[in-house]
Amino acid sequence: MSKAITPRAQDYAQWYNDLVIKSGLADYSAVRGCMVIKPYGYALWENMQAELDKMFKDTGHQNAYFPLFIPKTFLSREAAHVEGFAKECAVVTHYRLKNDPAGGGVIVDPEAALEEELIVRPTSETIIWNTYKTWIQSYRDLPILINQWANVVRWEMRTRLFLRTAEFLWQEGHTAHATAEEAMEEARRMLDVYTQFAESFMALPVIRGVKSPAERFAGAVETFCIEALMQDGKALQAGTSHFLGQNFARAFDVQFLNKNNEQEYVWATSWGVSTRLIGALVMAHGDDDGLKLPPKLAPIQVIIIPVYKNDTQRATVHTQALEILEQLKKAGFRVQYDDADHVRPGWKYAEYELRGVPLRLSLGEREIQQHQVEAVRRDTREKLYLPFDQLPEKIGDLLDQIQQDMFHQAKSFRDQHITTVDNWDDFLRALEEPGGFVYAHWDGTPETEIRIKELSKATIRCIPFPGQLPDHGSGHCVLTGKPSARRVLFARAY
RNA sequence: CGGGGUGUAGCGUAGUCCGGUCCAUCGCGCCAGGUUUGGGACCUGGAGGUCGCAGGUUCGAAUCCUGCCGCCCCGACCA
């Protein structure tokens, strides 16, 4: 075992780090809190991007790109927004370096201070709304439906690979609308897009809902989210969508002339998902032997491994393997053939399991004689034999099956980790055992929400949309006993 | 920012308490050749080191002293 992974049961955080590093998704970098996304991890991100991008385009959005740097004054225009981000902004103060006269290498040239400091974007609402102001005059200019793929920087105190890094990659949608209804519809539509992406591509079941005021995005009127559950029982926000009301339009004075010839502030939304989704994928599906990637996103869907005992066999197997490789490529699968001769089949089995490749095909003399390949599923380790003449169909079916089974596996885990409780003792107990989500009444006050967090480390993940979870009607707050209109979903979270 | 840990070859480590026998141990990986190949092979040979950095103590420092730095983990804050 050259690449030992810490078992989940022993140390979950270490298991996660081991998986990310050893599967080749990412590396630590020389910069504190910043990581290198390695080719395998980036390929995964590209697959996610491709699917999301398609969904954005299908819902009428276009991509654009706004500056990395934001004038400092922009950030302070919207009061809640600046309060939310001020503590974690990287600031550019100078534009030039020079040789240290004292001989200490290169130093910041004190003569080259910027007149107005620039903020490295933690999110782009401000620069975008400053721009939209110049694009919008009439209701005929609306809606504006724009998305950008970008990097952002949030100077986090504590970072974790993919889950929380100082710099990360994401997409941020920013839309402008003539009416509140339309903007609200947009925010809800994009949350549906995220839901569909999470569930059918990532095989990650999510609960849709509204954020409590305390968890709301800085500057939003309403924040919607999808919440997923990780195997250690902690929740992870997998995507958010915000109804921004007229907050940014007011802050940047973006008005339009409506059909009645009246000036009106524009209605806004923003929505985003980030490379953190890769962390979600790792933690929702992985096991002690490595990643399990859902077929729809896996950079390698099928790996072909040759098995032989001598050069004669090797040649035979090689010829057959190439034929299968071509056939599968032609059928549109992301397939690779590993004919490296310096490691043996067993090594390769372990390696591709670590990397989470959904389906492994082994091909040796035995299989060739019987006109079949040995196939092993990564998710269940089930071994099957597939006849040569039905490979593309059978493999297509298998990958679909794996995709579905992974979703159901995750969903069944998630459902077993939602506990409905009615008193504080049970609340605390449920957070430990079984862990996960706790569905309880809350009196609706921020004070109680904070108190619950202090006492239990659990936060309100969301107030689920109707139909997401059973509605038990009104009741009494799990902490204060005060009247509560409905249950909300609590959990400890990433 | 607080608490803990850690820094020795690409990775993981021994040695540090008690200085010399260490121009530094072992495993993995790497290179060459050979034997192998159905669950992380083996043999032989080889390459690879500012012992985190700076200063100090000493005849002599990976080891002792002072200062600094990096990174990881836990907590507070956040996607």
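Chain identifiers are assigned alphabetically (A, B, ...) following the order of the sequence lines, protein sequences preceding nucleic acid strands; residue numbering begins at 1 within each chain.
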Lys/Arg cation over aromatic A/Tyr349: A/Arg360, 6.0 Å, 45° cone =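 Yes, a cation-pi geometry.
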
Does A/Arg121 make a cation-pi contact with A/Phe69 (under 6.0 Å, within 45 degrees of the axis)?
->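 Verdict for A/Phe69: no cation-pi partner in A/Arg121.
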
Any base atoms under 4.0 Å from [X], or only sugar-phosphate, or nothing? Heavy atoms, all strands.
X        : answer
A/Leu163 : base
A/Glu215 : nothing
A/Glu172 : nothing
A/Glu88  : sugar-phosphate
A/Arg314 : nothing
A/Thr165 : base

Parallel, tilted or perpendicular, as decided by the 30° and 60° cut-offs, for the rings of A/Phe248 and A/His81 |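 A/His81 vs A/Phe248 ring planes: perpendicular.
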
Given the [atom1] atoms of [N] and [M], what is the spacing between them in whole Å?
N     : M     : atom1 : result
B/C59 : B/A9  : C1'   : 30 Å
B/G48 : B/A41 : C1'   : 24 Å
B/C64 : B/C51 : P     : 16 Å

Nucleic acid contacts - residues 271-280 of chain A versus RNA chain B, non-hydrogen atoms under 4.0 Å =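 Contacting residues: A/Ser274, A/Arg276.
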
Produce the list of close N/O pairs, under 3.5 Å, pairing protein atoms with atoms of nucleotides 68-73 of chain B; give distances to one decimal.
{"unit_1": "B/C71", "atom_1": "OP1", "unit_2": "A/Arg32", "atom_2": "N", "d": "3.1"}
{"unit_1": "B/C73", "atom_1": "OP1", "unit_2": "A/Asn17", "atom_2": "ND2", "d": "2.8"}

Using a cut-off of less than 4.0 Å, is there contact between a side-chain N or O of A/Lys453 and OP1 or OP2 of B/C77?
->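 Yes, because at least one side-chain N or O of A/Lys453 sits under 4.0 Å from OP1 or OP2 of B/C77.
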
Answer yes or no: does a side-chain N or O of A/Arg344 lie under 4.0 Å from OP1 or OP2 of B/G39?
->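 Checking A/Arg344 against B/G39: no side-chain N or O falls below 4.0 Å of OP1 or OP2.
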
With distance as the sole criterion, do the side chain of A/Arg381 and the base of B/G39 form a donor-acceptor contact below 3.5 Å?
->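 No pair found.
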
Classify the side chain of A/Glu353 and the base of B/G40 as holding, or not holding, a donor-acceptor pair under 3.5 Å.
->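 Such a pair does not exist between side chain and base.
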
Whether A/His61 side chain and A/Phe56 backbone form a donor-acceptor pair below 3.5 Å |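 Side chain of A/His61 to backbone of A/Phe56, a donor-acceptor pair under 3.5 Å: yes, one is there.
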
Which stems, defined as runs of 3 or more consecutive Watson-Crick or G-U wobble pairs with both pairing distances under 3.5 Å, involve RNA chain B?
->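 Runs of three or more consecutive pairs: B:1-7 with B:69-75, B:10-12 with B:26-28, B:30-35 with B:41-46, B:52-56 with B:64-68.
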
Looking only at side chains, do A/Tyr494 and A/Asp232 share a donor and an acceptor under 3.5 Å apart?
->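 There is such a pair (donor and acceptor under 3.5 Å, judged by atom type) between the side chains of A/Tyr494 and A/Asp232.
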
Check this for me, if you would: do [X] and [Y] make a salt bridge, where the nitrogen-to-carboxylate-oxygen distance has to be below 4.0 angstrom?
X        : Y        : result
A/Glu454 : A/Arg451 : yes
A/Asp288 : A/Arg8   : yes
A/Arg188 : A/Glu222 : no
A/Arg378 : A/Glu353 : no

Examine A/Phe162 together with A/Phe168 and report whether their ring centres are nearer than 6.0 Å.
->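 Ring-ring flag for A/Phe162/A/Phe168: false, centres at least 6.0 Å apart.
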
A/His318 ring center near A/Tyr337 ring center (under 6.0 Å) |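 They qualify: ring centres under 6.0 Å apart.
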
